[in-house]
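Remarks on the structure that follows.
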Amino acid sequence: MGIRWKKEDQMFETLWEAEMWADSIVNEMHAQLYEGYETSDHKIAYVLAFYLSSGHDNRVIKTERFCKGDSRVYRVWMEKPGES
């Protein structure tokens with residue numbers, strides 16, 4: 001089964017702004033609109049991984065890969081128990 005990704009290039013200056021953004025993403029992921037989120041903002045990935053791992057049995061995975069130059073892309077997704 002493939003992961004349905006939501007990809008966005010939104011960037012924030014502060015962790016607080018990223019928290020407000022990630023809060024809505026968590027709700028969409030728990031509603032199963034998509035399983036994973038891809039972003040170039042490390043703050044969003046950090047907060048999203050924290051929120052997804054809080055109080056749930058899902059395994060949360062966060063990866064980082066380098067693109068052109070020194071740009072990075074972060075992916076965060078959940079695996080339900082029994083999936084791998």
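Bear in mind that the values here come from a model prediction, so they are computed numbers and not experimental data. Computation of the quantities below employed the complete heavy-atom set of this structure, encompassing side-chain atoms and omitting hydrogens, waters and symmetry-equivalent molecules.
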For the atom pair [atom1] ([X]) and [atom2] ([Y]), what is the distance rounded to the nearest 0.5 Å?
{"X": "Arg72", "Y": "Thr39", "atom1": "CZ", "atom2": "OG1", "result": "13.5 Å"}
{"X": "Arg65", "Y": "Glu38", "atom1": "CZ", "atom2": "CD", "result": "5.0 Å"}
{"X": "Tyr34", "Y": "Glu28", "atom1": "OH", "atom2": "CD", "result": "3.5 Å"}
{"X": "Leu52", "Y": "Ile61", "atom1": "CG", "atom2": "CD1", "result": "11.0 Å"}
{"X": "Asp41", "Y": "Leu15", "atom1": "CG", "atom2": "CG", "result": "9.5 Å"}

Please list, chain by chain and in numerical order, all residues satisfying ring-ring contact (aromatic ring centres under 6.0 Å, His included) with Phe12, sequence neighbours excluded.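 With neighbours one apart ignored, the set is Trp21.
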
For Trp5, enumerate each residue passing the ring-ring contact (aromatic ring centres under 6.0 Å, His included) test, keeping only those at least two apart in sequence or located in another chain.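 Once residues adjacent in sequence are excluded, the partners of Trp5 under the ring-ring contact (aromatic ring centres under 6.0 Å, His included) criterion are Trp77.
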
With clusters built from Ile, Leu, Val, Met, Phe, Trp and Tyr whose side-chain heavy atoms come within less than 4.5 Å, directly or transitively, what are the remaining members of the cluster of Trp16, listed by chain and number?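 Trp16 shares its hydrophobic cluster with Met20.
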
Looking only at heavy atoms, what is the nearest atom pair of [X] and [Y], with distance?
{"X": "Met78", "Y": "Val60", "result": "CG-CG2, 4.3 Å"}
{"X": "Gly2", "Y": "Glu35", "result": "O-OE1, 4.1 Å"}
{"X": "Ala18", "Y": "Val47", "result": "O-CG1, 4.5 Å"}
{"X": "Val76", "Y": "Ala45", "result": "CG2-O, 3.7 Å"}

Are Leu33 and Val26 connected, step by step, through hydrophobic side chains (Ile, Leu, Val, Met, Phe, Trp, Tyr) whose heavy atoms are closer than 4.5 Å?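 They do share one cluster, since a chain of ILVMFWY contacts under 4.5 Å joins Leu33 to Val26.
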
Common cluster, Met29/Tyr46, ILVMFWY with side-chain heavy-atom separation under 4.5 Å: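 Result: yes, single cluster for both.
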
Going through the distances and angles, do Tyr37 and Ile44 end up as a side-chain contact (heavy atoms from CB on, under 4.5 Å)? CA-CA 10 Å; Tyr37 187 79; Ile44 296 172; 3.7 Å; yes

Please check this pair: side chain of Arg4 against backbone of Gln32, looking for a donor-acceptor N/O pair closer than 3.5 Å.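 Yes.
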
Is Glu13 atom CD crowded by more than 12 heavy atoms from other residues, nucleotides or ligands, each under 6.0 Å away?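 No, the 6.0 Å shell around CD holds no more than 12 heavy atoms from other groups.
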
